[in-house]
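Written below as structure tokens is the structure these notes are about.
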Amino acid sequence: MSTQKTPSTARMQVLVVGAGYAGATAAVRLAGRARNRVDVTVVNPRPRFVNRLRLHQIAMGRAVPAPALRDLLGAGVTLVEGTVAELDPDAGRATVTGPEGVRDLAVDRVVIAAGSTTTVPVPGAGHVHAVGDLESAHRLRPAFAALPAGAQVSVVGGGFTGLETVAELAETRPDVAVRLVTSGEVGGWFTPDGRAHVRETLDGLGVALIGGTRVRAVERDRLLLEGGHVVPSDLTVWCGGFAAPPLARQAGIAVDERGAVLTDGTLRSLSHPAVLAVGDAGHAPSPGGDRYSMSCQYAFPSAAHAADLLRAEALGLPDAGAPLDLGFTARVVSLGRRHAVLQPTTKEDVARGRAWTGRAAVLAKNVQVRGTARAVGVERRLPGVVRWPHAERAARAVRGEPAA
């Protein structure tokens, strides 16, 4: 697969793997801004959009809208329902399997936006439930509903997914005993006032907290913790880690220990420059040197940046060689339906300042979770509308203009 610019008379064939926040955004932005010089094909395993921020709510039986992807992506994007079974970046070929059988696609460029799934790095993974993907959320729903009163439920992992999941479980069924097990301090990422609100809210929901310890193994009805401690657990939900699907590794593309594609700052693969990776599927260096945090706050800008790079290449515009320059601003975490924490951050995604709680934080969370699918639709109708902190600075660098 050549990394040279596609001739202006040819239509660049772009394959987007995945139609979550990042994949859908990249597809509609590129299709809408490439002046008919690009054919965009999206391959996704299901025909409807999955709002990943609400998977823990789906697991509790709450109704969550799932727009049809054909409507969301629009007529300018070709949707193929299925999975990419084989990707050969050097030959420019992908094999897709799905309800309509097996088909081969010729591709010039690939945008890997396959997201991530839950990983369980301890013995006993077969006893674990998760909320990292739609299928896992659907499996958790009947298992949780079938628990008798007084049953013991454990959520492993104190990150944002773990906090939102444990609060949702406890609020939905106050008749079961819910606990949170985390290797760090409960709410340790937040500033002190935000941390205090997290702990007070979970305590009010009846959640038992076990911080500063790791799970060594999961059994059918208990957790084995470090130090030989044992806690009963009739149902265990693992929220402790995420990894990218194996597609990139199997294709011979350089990946990190979690299977995310190693990229340069422009989001191009280090081993296969005609492959780009966005969202959770990519490992791009932030200006500070670390990997950008997995979040929708990274998914949308990374997708937009990749689309703009490919647009410039297809149109023969000045090389879109500027790295993504993203500054985080805040994180908002729900703690059930009535509580949330809105935590301002530095641009490197480190908590700072005073956390917002109460109705303002709950409103901010509701706007976030309901606005993701709408954001893709707005980008389709108004290509180029997705912006982010420092976006214009990067655009000026591409155009060779001095910084403001």
Side-chain angles (χ1 to χ4, degrees), residues 1-6 10 12-20 22-24 26-27 30 38-45 78 80-98 101-121 132-133 241-286 289-292 294 298-299 302-303 305-307 309-310 313-314 319-321 323-324:
M1 190 183 293
S2 172
T3 61
Q4 299 298 313
K5 291 182 179 178
T6 299
M12 178 188 288
Q13 303 298 310
V14 175
L15 169 65
V16 180
V17 183
L30 178 58
V38 174
D39 291 326
V40 181
T41 299
V42 173
V43 175
N44 195 68
T78 299
V80 178
E81 183 181 350
T83 59
V84 178
E86 183 179 347
L87 176 64
D88 188 338
D90 296 319
R93 181 180 62 83
T95 301
V96 178
T97 61
V102 180
R103 59 187 294 185
D104 287 332
L105 300 177
V107 298
D108 298 310
R109 304 291 182 265
V110 178
V111 179
I112 297 181
S116 61
T117 57
T118 304
T119 60
V120 183
D133 56 76
F242 298 96
L247 173 65
R249 188 189 303 275
Q250 292 170 351
I253 299 169
V255 298
D256 67 9
E257 67 282 357
R258 294 187 178 183
V261 177
L262 291 169
T263 74
D264 61 17
T266 70
L267 309 184
R268 287 190 184 275
S269 162
L270 294 179
S271 63
H272 294 76
V275 175
L276 291 85
V278 296
D280 289 1
H283 180 148
S286 69
D290 296 328
R291 176 184 180 177
Y292 278 110
M294 291 182 178
Y298 172 65
S302 65
H305 186 84
L309 185 151
L310 292 176
E313 186 178 356
D319 185 29
L324 173 67

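Source: prediction; values computed, not measured. Reckoned from all heavy atoms, side chains included, excluding hydrogens, waters and symmetry mates. Throughout, numbering of the chain's residues begins at 1 and tracks the sequence.
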Determine the minimum heavy-atom distance between T119 and F242, stating which atoms define it.
OG1-N, 4.1 Å

Main-chain N/O of A85 paired to T83 side chain as donor or acceptor, under 3.5 Å
no

Rounded to the nearest 0.5 Å, how far apart are CG of D88 and NE2 of H272?
8.0 Å

Does any non-hydrogen side-chain atom of L309 lie less than 4.5 Å from one of T266?
yes

Could you state the interatomic distance from CG (L87) to CZ (R93), rounded to the nearest 0.5 Å?
9.0 Å

Counting only N and O atoms by type, is there a donor-acceptor contact under 3.5 Å from the side chain of R109 to the main-chain atoms of P273?
no

Side-chain heavy-atom pair L30, V111 within 4.5 angstrom cut-off
no

Nearest heavy atoms of M294 and D280, plus distance in Å:
CB-OD1, 3.2 Å

How close do N44 and A19 get, heavy atom to heavy atom, and via which atoms?
OD1-N, 2.9 Å

Side-chain contact test, heavy atoms from C-beta onward, threshold under 4.5 Å: evaluate it for T263 versus R268 and give yes or no.
no

As an exercise, state the distance from CG of D133 to OG1 of T118, rounded to the nearest 0.5 Å.
6.5 Å

Once you round to the nearest 0.5 Å, how far does CG of L262 lie from CD of E257?
8.5 Å

Heavy-atom closest pair (A299 atom, S302 atom, distance to 0.1 Å) is O-OG, 3.0 Å

Heavy-atom distance under 4.5 Å between the side chains of E86 and Q250, does that happen here?
no

Specify the closest pair of heavy atoms between G259 and A244, including all atoms of both residues, with the distance to one decimal.
O-CB, 3.4 Å

How long is the gap from CD1 on I253 to CG on D90, to the nearest 0.5 Å?
9.0 Å

Looking only at heavy atoms, the pair that brings G282 and A260 closest together is C-CB, 4.0 Å

If you measure only the distance, is there a donor-acceptor pair under 3.5 Å linking the side chains of D39 and Q13?
yes

